[in-house]
Amino acid sequence: MKKINKLFQKEFSLKFPLSAVDRKTIVLLIGFILLLTCAVTGCGSDSPQPSTLPAPEPISTETPAQAETAAPSPDVSSSSPSYLGTWQITSSTFGAYSAMSEEDCSALVGTRFEYFNDYAIYDDQHRLDSPQYIESIQTADDFSSIYQGTSLETLGISKDSIQVVSIENASGMGDTFYIKDENTLIIPWDGVFFEVQRISSDN
């Protein structure tokens, strides 16, 4: 029994060979570590430590409808083309070459043309639904070349160019016209240039 106790004491002394000095050193070391930890983490301090978490983004309270309302809307307002409305032949001018007589031209005075977005009436009351207006600019030289020497000045137009409108899906008198001014159109037909005046506008 004594031998067993001696062996136990010897084994215990080998496993725990710490002296009182060593224990004191460990206690001081642990105390230093705790003190250092408090200094870093701020334990025991009344002042809040700065958070390192990212700040959350503000949540928008704006509804989709409000967002659409707030966005600037494109300017879609545009005036109707000046040529839309009801027109009537008032006079005619012969070009350099013509296939019509004066009697034929006189018989057409008073003929009406209607140009609107939904329909067009032309060529002796022929009606066309959904007309497709094609606008372009024609120079004075091109005009003279197309009509074999007839100039814009012959029609009382002193400009270097003129706006021309063609109805792409139409065929007949009035399917092409020139805009002389806001209230006057020129309709070419068989070498004659018919001047038409506005009766009413699109409004």
To the closest 0.5 Å, what do you measure between [atom1] ([X]) and [atom2] ([Y])?
X	Y	atom1	atom2	result
D142	I162	CG	CD1	12.5 Å
T176	L185	OG1	CG	12.0 Å
I186	I179	CD1	CD1	11.5 Å
E114	T86	CD	OG1	4.0 Å

What orientation do [X] and [Y] show, parallel under 30°, tilted 30 to 60°, or perpendicular over 60°?
X	Y	answer
Y83	Y133	tilted
F143	F193	tilted
Y122	H126	perpendicular

Going by atom types alone, do S101 and D104 pair a side-chain donor with an acceptor below 3.5 Å?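 Per modelled atom types, S101 and D104 side chains form a pair under 3.5 Å.
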Could you tell me whether the side chains of S144 and S151 share a donor-acceptor contact shorter than 3.5 Å?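 S151 and S144 do not have a side-chain donor-acceptor pair below 3.5 Å.
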Are the side chains of M173 and T111 in contact, using a 4.5 Å heavy-atom criterion?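 Answer no - side chains too far apart.
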State whether the number of non-hydrogen atoms from other residues, nucleotides or ligands found under 6.0 Å of D129 atom CG is greater than 12. yes
The single option from F113, Y115, W87, F194 that satisfies ring pair (Phe, Tyr, Trp, His ring centres under 6.0 Å) with F177 is Y115
